[in-house]
Amino acid sequence: MNVTVEYSDGRKLELPKGSTAMEAISKFNSADARNAVAALVDGRRADLSARLEADAKVEPIRADSEDGLDVIRHTASHVMAQAVGHMFPGVKYAIGPSIENGFYYDFDLPRSLTEEDLKTIEEEMQRIIEQDLPVSRSARSKQQAIADAEAGGQTYKRELISDLPDGEEISFYTQGDFTDLCRGPHLPSTGALKCFKLLSVAGAYWRGDSRRQQLQRIYGTAFADAKALRTHLKNLEEAEKRDHRKLGKELDLFSTDQEIGQGLILWHPKGAMIRRAIESFLYEELFKREYDVVCTPHIASEKVYLRSGHIPKYEDMMYAPLVIDEERYRVKPMNCPGHIKIYQTRKRSYRDLPIRLAELGTVYRYEISGALLGMLRVRGFTQDDSHIFCTPEQLTDEIEGILDFVNYMMGVFGYTYKAYLATRPAQYLADATDEEWTRATEGLRQALVRRGLDYAVDEGGGVFYAPKIDIKLFDALGREWQGPTIQVDLNLPKRFNVTYTASDGQEHEAIIIHRTILGSMERFVGGLIEHYAGKFPVWLAPVQVRILPITDAHHEYARSLKRKLVAAGFRAECDDRNEKTGFKVREAAVQKIPYVLIVGDREVAEGKAAVRSRRRGDEGAVLFDDFLARLKSESESRLDV
RNA sequence: GCUAGCGUAGCUCAACGGCAGAGCACCGGUUUUGUAAACCGGUGGUUAGGGGUUCAAGUCCCCUCGCUAGCUCCA
């Protein structure tokens, strides 16, 4: 009996029924067979050992493809689990999936693991790999699987199995003395796992539930070949070098202080300079795009947050009330109510709309201590916030305008991005009608389409009061960052009765769009530090030029250059310390200053400066005025050159 | 918040339960210097804070604070 097998390139062959996927692949293409770690059989992922019992389409899953890496990592997690089982007989296994860039496995162990244990586990894994144990799939009934899990004392597995649908066969994978509940597919044998590395140990709750047992999770990664693994580890190292907390200290940008409090950022002069440069730029753009800038207070009576719905819904993120003249006040967790109150200080006509109110508003929110992280996750931060009040007809145009703004700003900072349309969640506000949800969501969608933006739909990913567009940023290392967000609010217009007078003379409910481009200044600057690895382009660099006189005789000339630079609006300083030039050059380089001007006898005589740029090094002497012109154009272009 | 690890001079890091140290930074001097670290000397510590064990604690134990990894959370 034969079956007809169609290969991914369209070729067909007759093979004996019951041939394995691997046999099929090797018949078609021996190179693919060497590279395959699993197969797609009729589009479904399967082991290479899977038998072809009927006509099928077969496609190899290559080791270096996304699916292939997933298979490799999943097998790696099983090998790790087996190794841990050897070290801790009686260990209870929880879950061990492959994840982006690696894998993990959660264990319930009698003692806590240390970093040294990872080495031992790695060695044991290596032994398992050298034994090249075949990985085989087997199926059991649910009852049998539960009985087996109970017999082995595997309480977590038991729970997992009992949650699986009844009546279906449940698959297990076995390699040597280790068997695990698993959907698969897996590598054909442990020897096919070429290179892996264990990375860290951490606590993790069973099923992510903090009320349940805390398990120990080991993270690791695995790749198709040693080179890919090395590259990945190098990237991790590079990311560590760029860590904004490390650079923030080295470049004297910011700090935190125990006595000031957790999650509160102290911006040092240089950090504040970067922030100010970004803010000035932002204000320029806001005015160009016809926003109005407002300021609202840092505390407000609790009444306004009761009305907005924040206290009922988000009180656990707000700080406790301050009692002032027997009235309860709150430190502001958001800027919307203030902006709405400004809108409502007069009657608004449709002719006035849209009204775009923007504020760099500082807000305070309670974040659990374990969530805090440098500048990226804090308890006090300044939002680049705006609320746009408009008519339903204006909605799409406004969203489009914001998308254009986003595109421009992200371009300047050198981020690429991807848009997500997040639709109505399962738990949503009942006050808004289906029509309103649809109108808001479609407004967002149409704006994306009109701008020709590629977007993914995040079904049910909206917030309870609004559908939204989330923009994810990709930095210089290709890492993902939370970026701009645009929300059409279906809650506040009703709660605050926000209206405008339409051409029919009637009051109509206004639409409120929340949007932020940069997010918070803290997070954005923290991210930028890592994106630029501390090498800020000239327009952002806290010190743009440092002048190094060779000896005392050149101090006066150096200072005159500094005065000219400062007068032209640049941030320049003169290093007239009693040190050798090599030493000063080194310090300027360590501080990542974009331009160093070295001045000695030759330069003084000719009105020149020897330019050393961060990017190109020694560029030789040029007329100072020429340098100034270059600096001006580079700074104004805001290019990262 | 939970689990684990960590916290020593401004910074980076040493110190078996036995005198708290180095480099850099800083200060004073010498040196007048040409593109990534000149030389000599000096100041600097209640070892995060508190309690305990011990003849003796940076080191062991307990509590508090903070940082970190992850879980969790993110209007």
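In what follows, chains carry the letters A, B, and so on, assigned in the order in which the sequence lines appear, proteins first and then strands, with residues in each chain numbered from 1. Here the structure is a predicted model, which is why all the values come from computation and not from measurement.
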field: 5' priority, RNA chain B, between A:Ala553 and A:Lys468 [closest heavy atom]
entry: A:Ala553

- prompt: Which part of the nucleic acid does A:Gly370 contact within heavy-atom distance under 4.0 Å: base, sugar-phosphate only, or nothing?
  reply: base

query: So what does A:Glu603 touch, heavy atoms closer than 4.0 Å: a base, only the sugar-phosphate, or nothing?
result: base

query: Quick one: is the NZ or CZ of A:Lys92 closer than 6.0 Å to the six-membered ring centre of A:Phe107, and within 45° of its axis?
result: no

- request: Grab the OH-P distance between A:Tyr465 and B:A75 for me, whole Å please.
  value: 7 Å

- prompt: Taking atom P of B:A25 as reference, at what distance in whole Å does atom CZ of A:Arg586 sit?
  reply: 9 Å

field: Salt bridge flag under 4.0 Å for residues A:Asp470 and A:Lys468
entry: yes

- request: Would you tell me if any nitrogen or oxygen in the side chain of A:Gln258 comes within less than 4.0 Å of OP1 or OP2 on B:A48?
  value: no

- request: With heavy atoms under 4.0 Å as the rule, sort A:Lys313 into base, sugar-phosphate or nothing.
  value: nothing

field: Presence of A:Arg577 side-chain N/O under 4.0 Å of B:U32 phosphate oxygens OP1/OP2
entry: no

- request: Give the rounded distance in Å between these two atoms: CD of A:Gln383 and P of B:A75.
  value: 11 Å

- request: Output yes when at least one side-chain N/O atom of A:Arg245 is less than 4.0 Å from OP1 or OP2 of B:U68, else no.
  value: yes

- prompt: So does A:Lys584 get a side-chain nitrogen or oxygen closer than 4.0 Å to the phosphate oxygens (OP1/OP2) of B:U33?
  reply: no

query: Counting any heavy atom closer than 4.0 Å, what does A:Phe464 reach on the DNA or RNA strands: base, sugar-phosphate only, or nothing?
result: nothing

query: For the residue pair A:Phe103 and A:His74, is the inter-centroid distance of their aromatic rings smaller than 6.0 Å?
result: no

message: Here's one to test your reading of the geometry: is the NZ or CZ of A:Lys608 within 45 degrees of the ring axis of A:Phe624 and under 6.0 Å from its centre?
response: no

- prompt: Looking for any heavy atom pair under 4.0 Å, which part of the strands does A:Gly519 touch: base, sugar-phosphate only, or nothing?
  reply: nothing

- prompt: Contact class for A:Asp257 vs. all strands (heavy atom < 4.0 Å): base, sugar-phosphate, or nothing?
  reply: nothing

field: Between B:C71 (P) and A:Glu367 (CD): distance, integer Å
entry: 15 Å

Runs of at least three consecutive pairs that involve RNA chain B, where pairs are Watson-Crick or G-U with distances under 3.5 Å: B:1-7 with B:65-71, B:10-13 with B:21-24, B:26-30 with B:38-42, B:48-52 with B:60-64

- request: Could you tell me whether A:Ala610 contacts a base, only the sugar-phosphate backbone, or nothing, with contacts defined as non-hydrogen atoms closer than 4.0 Å?
  value: base

message: Once you apply a heavy-atom cut-off of 4.0 Å, does A:Gln262 come out as touching a base, just sugar-phosphate, or nothing?
response: sugar-phosphate

query: OP1 or OP2 of B:G1 sitting under 4.0 Å from any side-chain N/O of A:Ser369?
result: yes

Distance in angstrom units between A:Ile550 CD1 and B:A38 C1', rounded: 15 Å

query: Base, sugar-phosphate, or nothing: which does A:Leu373 touch, judged by heavy atoms less than 4.0 Å apart?
result: sugar-phosphate

- prompt: Parallel, tilted or perpendicular for A:Tyr428 and A:Trp437, by the 30°/60° rule?
  reply: perpendicular

task: Have a look at A:Arg217 and say if it touches a base, only the backbone sugar-phosphate, or nothing, with a 4.0 Å heavy-atom cut-off.
output: sugar-phosphate

- prompt: If you take atom types as modelled and just measure distance, does the side chain of A:Arg377 reach the base of B:C73 with a donor-acceptor pair under 3.5 Å?
  reply: yes

task: Would you tell me if any nitrogen or oxygen in the side chain of A:Tyr366 comes within less than 4.0 Å of OP1 or OP2 on B:A75?
output: no

- request: Describe the nucleic acid contact of A:Gln216 in one word from base, sugar-phosphate, nothing, applying a heavy-atom distance below 4.0 Å.
  value: nothing

field: Interatomic distance, A:Glu587 CD vs B:A38 P [rounded to whole Å]
entry: 10 Å

task: Have a look at A:Leu215 and say if it touches a base, only the backbone sugar-phosphate, or nothing, with a 4.0 Å heavy-atom cut-off.
output: nothing

field: Nearest-angstrom distance from the residue atom CG of A:Asp470 to P of B:A75
entry: 9 Å

query: Angle class for the A:His298/A:Tyr364 ring planes (parallel below 30°, perpendicular above 60°, tilted otherwise)?
result: tilted

message: What is the separation between atom CG on A:Asp575 and atom C1' on B:A37, rounded to the nearest whole Å?
response: 13 Å

- prompt: Ring stacking, A:Tyr314 with base of B:A75, under 5.5 Å and under 30°?
  reply: yes

Ring-face cation contact, A:Tyr305 with A:Arg330, 6.0 Å cut, 45° max: no

